Amino acid sequence: MLSKQNTLAIVFIFVGFFSRVLPHFENFTAIYAIALFSGAFLQNKRLALLLPIGIMMSSDLILGFSPYLPTYMSFIAIVFVGRLLQKKQKIEHIILGGISASLLFFMITNLFVWINSSPADGIFYCPKTLVGLIKCYTQAIPFFWNTLCATMLYSTILFYSFRVINSKLFETVK
């Protein structure tokens, strides 16, 4: 049985889902903030992991994208970062969590782009050397800024909106 607080958290998460499937600026979605938020607010660890991954998979299907394992791996890491925010929800912790989430996603997914790129794919632009890895990360930086800004913005909105709504709706009902 879900608590009222978990139900509200899940509603927030699904609202964030629409930031990915509705038109938006490139890489400017709430999806990474959702993973952070899930880790921080969903007490059920399995649910905290499965919800953001399920939202990413379902939105990938809607958008016509193929599932990409490193993306889901990064979500698992981000949920664990969110766990660290359970008791530390000051603005500086939320912003730091958003930065950490964005960096984890950037580092994990671009490492796998570099590892898996080949001339046969037509995306072999980074040789399998340290210089190639640095080039891969460097070429991904323009995509990083929207991810970073969106994650910090949506994390702040999710965390503070949840706190306000939760206190207004459920704390007075006890």
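Quick caveat: nothing in here was measured; it's all calculated off a predicted structure. The residues of the chain are indexed from 1 along the displayed sequence.
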* To do: Start with the C-alpha distance between Met73 and Phe112, add both sets of side-chain angles, then the distance that settles side chain to side chain contact (heavy atoms under 4.5 Å, CB included), and finish with yes or no.
  => CA-CA 11 Å; Met73 291 168 50; Phe112 279 86; 3.8 Å; yes

- Run the side chain to side chain contact (heavy atoms under 4.5 Å, CB included) check on Leu111 and Leu133 step by step: do they pass? CA-CA 7 Å; Leu111 175 65; Leu133 178 61; 3.9 Å; yes

Here the ring-ring contact (aromatic ring centres under 6.0 Å, His included) pairs for residues 63-88, sequence neighbours left out, are Tyr32-Phe75

The side chain to side chain contact (heavy atoms under 4.5 Å, CB included) partner of Cys149 among Tyr154, Phe28, Phe144 is Phe28

Separation between CD1 (Ile78) and OG1 (Thr151), nearest 0.5 Å, reads 7.0 Å

Correct closest heavy-atom pair for Lys45 and Arg83 would be CG-NH2, 2.7 Å

Residues pairing under salt bridge (charged side-chain N to carboxylate O under 4.0 Å, His left out) where one sits in residues 49-67, two or more places apart or in two chains, turn out to be Arg20-Asp60

So OG of Ser59 and CG of Leu22: to nearest 0.5 Å the spacing works out to 11.0 Å

Closest non-hydrogen contact found for Leu104 with Ala77 is CD1-CB, 4.0 Å

Group every Ile, Leu, Val, Met, Phe, Trp and Tyr by side-chain heavy-atom contacts under 4.5 Å, then state whether Leu42 and Leu84 land in the same group.
no

Rounded to the nearest 0.5 angstrom, the CG-CD1 distance for Asn110 and Ile115 is 11.0 Å

Nearest heavy-atom contact between Pro142 and Thr138 is CD-O, 3.9 Å

query = Are side-chain heavy atoms of Ile76 and Ile53 found at a separation under 4.5 Å?
reply = yes

To the nearest 0.5 Å, atom CE of Met152 lies from atom CG of Leu96 at 10.5 Å

Expected output: side-chain Asn27 to main-chain Thr147 donor-acceptor under 3.5 Å
no

Identify whether Leu50 and Ile62 are in the same connected component of the hydrophobic contact network (ILVMFWY, side-chain heavy atoms under 4.5 Å).
-> no

Minimal heavy-atom distance between Ile34 and Pro52, with the atoms involved, is CG2-CB, 4.4 Å

Tell me, do Phe159 and His93 make a side-chain contact under 4.5 Å, heavy atoms counted? no

The side-chain contact (heavy atoms from CB on, under 4.5 Å) partners of His24 (sequence neighbours excluded) come to Thr29

Worksheet item: Is Val21 linked to Ile55 within one hydrophobic cluster, defined over Ile, Leu, Val, Met, Phe, Trp and Tyr using a side-chain heavy-atom separation of less than 4.5 Å?
Response: yes

Main-chain N/O of Leu85 paired to Gln89 side chain as donor or acceptor, under 3.5 Å: yes

Value for CD1 (Ile141) from CG (Leu148), rounded to nearest 0.5 Å, stands at 12.0 Å

query = Is any side-chain heavy atom of Ile31 less than 4.5 Å from a side-chain heavy atom of Ser19?
reply = no

Q. Do Phe143 and Trp114 share a hydrophobic cluster (ILVMFWY, side-chain heavy atoms under 4.5 Å, transitive)?
A. no

Applying side-chain contact (heavy atoms from CB on, under 4.5 Å) to Ile91 and not counting sequence neighbours gives Ile95, Thr156, Tyr160

Across all chains, not counting sequence neighbours, the ring-ring contact (aromatic ring centres under 6.0 Å, His included) partners of Tyr137 are Phe106

Nearest heavy-atom approach of Asn146 to Glu26 is ND2-O, 2.7 Å

* Verify same cluster id: Val113, Leu103 (apolar side-chain graph, 4.5 Å) -> yes

side-chain contact (heavy atoms from CB on, under 4.5 Å) filter on Ser66, not counting sequence neighbours, yields none

To the nearest 0.5 Å, atom CD1 of Ile99 lies from atom CD of Glu92 at 11.5 Å

